[in-house]
Each structure stands twice: as C-alpha cells, then as structure tokens.
Number of protein chains: 2
Amino acid sequence: MDRCGRLEDIPLFEDLESEQLQDLAQILKKQNFTRGQRIFTEGDEGNGLYVVDLGQVKIFKISPAGKEQILHIFGPGNPFGEIAMFAGESFPASAEAFTDCQVLFFSRHGFLECVRKDPSLAFNMLAVLSRRLRKFAALIEDLSLKEVPGRLAAHLLYLSEKDGAGDKVKLEVSKGHLAALLGTIPETLSRILAKMNRQGLIEVNGSTILLLDPDGLEDLAEGEVKLT
Amino acid sequence: MDRCGRLEDIPLFEDLESEQLQDLAQILKKQNFTRGQRIFTEGDEGNGLYVVDLGQVKIFKISPAGKEQILHIFGPGNPFGEIAMFAGESFPASAEAFTDCQVLFFSRHGFLECVRKDPSLAFNMLAVLSRRLRKFAALIEDLSLKEVPGRLAAHLLYLSEKDGAGDKVKLEVSKGHLAALLGTIPETLSRILAKMNRQGLIEVNGSTILLLDPDGLEDLAEGEVKLT
DNA sequence: AAAACCTTTTGACTTAAATCAAGGGCAACT
DNA sequence: AGTTGCCCTTGATTTAAGTCAAAAGGTTTT
C-alpha cells in the first residue's frame, strides 16, 4: 500500500459499518513529520491511536549508552500507539519518522467509542495485537536463544518469503538499521555478512542480497548449525 | 487469587453480561495436568483459549541446544493460548504445567462467539493483549540493551514493587527458572547474585533476597552503572 | 540413616559479540 | 575536481556470558 486513500483500505478498518467509518473520519486528524522527527517518546502519556498514512515510522527502544533496538518499521496502513490505549496510558516505546511521513491520529476517547460500537473493529484490533505478540515472541526467541548469524539468516528468509521475489532480497533499510532490527551493531553485521558471503551462503551486492543456499540459511536460523 | 471459583472472578470476564457468562460456562471444559506435563507445543494448531484455574502454567520457547526462555509463568485467572485464536492458528510458544494444575478450556468457536456478542469481553481481551505487548517490549529491551546484572536488578525491583513487601523479596521460582526468565543460565545468575551480595546491593538467603540498596539496583537496571 | 536426586555454587576455560580505532567507498554539494 | 559527510568494512582488543566439570547443599525416598 503506497498510501491510504480511504479509511476502508486500512486493514484495521476493514469490514466496518459505514457509520463507524464516518465517525472515524470525523475525529481523524492528519499530522506530518519530517525524517527523524520524534512522534512520541517512551513514557509519554498516550492520548490516541496513530495510523501510518504515508512514509514509514520507526518504533524503537534506546539504551542510555545509545544502542538502539528497533521494534517495528511500519508503513502505510499500520496502526501504532495502541498499547497505551488499552493498557495503562504511557507509551512503552518511542516512535519517530523513519522517512518523511504523514500519519492519521485518532483521539483516545473517540476511537474507544468506535471500538465499543462496532465488534468488527474490536476483532480487527485483536488480530493486530495478536500478530504483534507473535512477532515479539519470535524476536524474544531470536535474542535469547539464537546468535546473530541465526537471526540474520531468519530475517533474510523472512524477507524473501514476504517479497515473494524468489531468492533475491532487496534491503529496504540501511545495514546499520538492519543491525538495530536484529539487536546487534553495524560492525558485527558487516562481519557476518562477509562470512556468509565467503561460505557461499549469500552474495551481497550493496543492498541486494542473493540467497545462494536457502537450506543452509534455514539450518543456521534453526540453530542446528553454526557459522564457522 | 488462589482459585477461580466463579467465572466473573476472572479479570478477563469482568463486567460481562450474565448471559455471556452462562454461555461461557456452557462451553467450558476443565482439564488437569501434572507438573511438567505438556499442555501444547509451539506450532500446534490452536483450537481454543485456556485460563489457569489452579496452579501455575509456564509459557516458553526452547532452542535446539536445550536452552529455555520462559515468556510467562501464569497463575489462576490468567488466559493463555489466545494469540492463535485471533491471528493465524498455530501457537507461537509452548505451554506446560509448572505445578500440578487445572485449566479451563474454551473452544475457539464458542469463545469467538462470545467476544462478538459482548463488547466488554472484547475490551478485556484487548487490555490483556496490550499488557502482554508492553511486557514483551520490556523483555526485548532487557535482552537487547541490558546486561544480565541490569535485567536481574530490574526483576528484583519489579518483584519488590509487585509484592509490596518492602525490600524483602521472596522468589517463587527456583534460581534455575529465574535464570530462564531472565534469558540466561543458572551459573551466570549465581555468579551475579554472589557479586551483588559482595557489593552490598543485596543479601541472599536461600530464596529470600533482601534489597539493601534499591537506588544502586535502580542505577544498574537503568544501565547507568556496571557491576564491576 | 543412607541413598538418590535436584539445585546451586565455584573454578577454569572458551567464545560470541561489543568496543575502539582507522581506513575505504560513494554520493552530494560547492 | 575537490571537499564534506555518511555509511560500511576491517583489524586489534576487550569483555560479558556461555560451556564444561566438579563439588557442595538440600530435599525427598527408601
């Protein structure tokens, strides 16, 4: 989705009564942010729900030492800031514009009203939250039980599946950001890419990566083999 | 909560119409498990929702090498297995009886029917999922951005807050399990406890830990100081 | 009380990944 | 063309934490 022309094109708002769509359209406010601009910060009080309309938004945590763990990079159609709506009021992580972007903002009260009225919206929201829990569970598993090569292999396979583009994967983020997504640092990522390259698992060309040995990557991702 | 006598005592079912409570009571099935018994395994098809009635249930991931990351230890009143209900069908992690336990099981179809009928149930479910997302986000932060002493310090402070028992914390799980909860191994945990002891941060007596220097622990948890 | 079992601790060692520091490649701008 | 700045890579080193092995404490069983 390149842009959310109509509300009903947003997965979260699928199958909604047109009455609710109108209500939502009423309370919606568009906001613009430039690349790098902070949308909200961990700990801030959450006053509503955001949906990416245009561009990309990064959800992340950062340590005092400055190391960053990216939790999500959301594109058009993805809601964020929802946790604060349903549990407590503070944001559990920070959000900033990953690219110049436009977001739709729905006030807490108005949105909750709509959820209460339309079971479809509640269901869609439950589906969104469940998918994110699943994704987080996978990330926790990666961080706790896998080493960086395993995480990288899993990520590459995930990308190749998602894009359906065969064995050629095009990174849509810089390698530095990929490192933050994998819970490591650029230097380590660089070394591991080089090592995988040497071993004939992949072929790296700038931000294009050719998966030469998907089975080998699978073994790495499963933790059955080590990258020697 | 020591046991869920009535459904309406379960937070998830708070504020429900009595009609829905009756529906739920209809479809509910009680199941018993003995300590260590598997309830379901990651990847299994999810056919319904569980709620702990008696005892404790462990939700976890395990690596091929046998290292375990515990995601939750749930006591009475806590639902689990819900992600498979709302997003995809497979369980994202495994569940086993942490103690002998009894769980309530609600079939997928019947439960979804209730959610559709009663907005309160949807809301309660959204709150549950949101709280878990928040908890997972914190765990990801810990694993990615903090070292083990920081995680341990954070956990101890969390326990002391939760129990409200001043500065004396009683571990309800073995140190081995605490290690798996923190994403490390017993040896490492043991060493770090000993080190914190030596530095006068805590005083360990079996499974009772006295927090001698909460501020120092706070600094550790925030990553502002290192345990030398 | 002895045996068997499980948990925890301690020590010596290895290893994965972070840190520190420097250099290389590439694009944008002047 | 040259400079600036950014991103990426490479090398040397440090460090946190995992591994392996053994011993010490406890608890339950027989």
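Every chain is numbered from 1, with letters handed out A, B, ... down the list of sequences. For the numbers below, each heavy atom of this structure counts, side chains included, while hydrogens, waters and symmetry mates do not. Since this is a predicted model, take the numbers as computed values, not measurements.
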Tabulate atom names and distances for all N/O pairs under 3.5 angstrom spanning the protein and nucleotides 18-21 of chain D.
from: D/dG18; atom 1: OP2; to: B/T184; atom 2: OG1; distance (Å): 2.5
from: D/dG18; atom 1: OP2; to: B/T188; atom 2: OG1; distance (Å): 2.9
from: D/dT19; atom 1: O4; to: B/R191; atom 2: NH2; distance (Å): 2.9
from: D/dC20; atom 1: N4; to: B/E187; atom 2: OE2; distance (Å): 3.4

Among D/dT10, C/dA17, C/dT10, which is the nearest nucleotide to the side chain of A/A194?
->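 Between D/dT10, C/dA17, C/dT10, the one nearest the side chain of A/A194 would be D/dT10.
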Which nucleotide in D/dT10, D/dC8, C/dT10 has an atom nearest any side-chain atom of A/S174 =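 Of the options given, the side chain of A/S174 lies nearest D/dC8.
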Counting N and O atoms only, with roles assigned by atom type, does the side chain of A/R38 sit under 3.5 Å from a partner on the main chain of A/E96, one being a donor and the other an acceptor?
-> no
Please check if the side chain of B/D44 supplies one atom and the backbone of B/T41 the other of a donor-acceptor pair under 3.5 Å.
->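 Yes, because the side chain of B/D44 sits within donor-acceptor range (under 3.5 Å) of the backbone of B/T41.
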Have B/K61 and A/S144 got a donor and an acceptor in their side chains that come within less than 3.5 Å?
-> no
Any side-chain donor-acceptor pair under 3.5 Å between A/H72 and A/K135?
->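 Yes, a side-chain donor-acceptor pair sits under 3.5 Å.
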Enumerate, in order of first residue number, the stems that involve DNA chain D, defined as 3 or more consecutive Watson-Crick or G-U wobble pairs with both distances under 3.5 Å.
->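 Only these stems qualify: C:1-22 with D:9-30, C:25-30 with D:1-6.
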Between B/E82 and B/R132, is there a side-chain N and carboxylate O pair less than 4.0 Å apart?
->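 Result for this pair is yes, salt bridge flagged.
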Aromatic ring pairing B/F106/B/F13, orientation class (parallel under 30°, perpendicular over 60°, tilted between) = perpendicular
Derivation and outcome, ring-ring contact (aromatic ring centres under 6.0 Å, His included), residues A/F40 and A/Y50 | CA-CA 11 Å; A/F40 57 71; A/Y50 298 80; 5.5 Å; yes
Strand contacts (DNA chain D) in residues 206-228 of chain A, 4.0 angstrom heavy-atom criterion = none
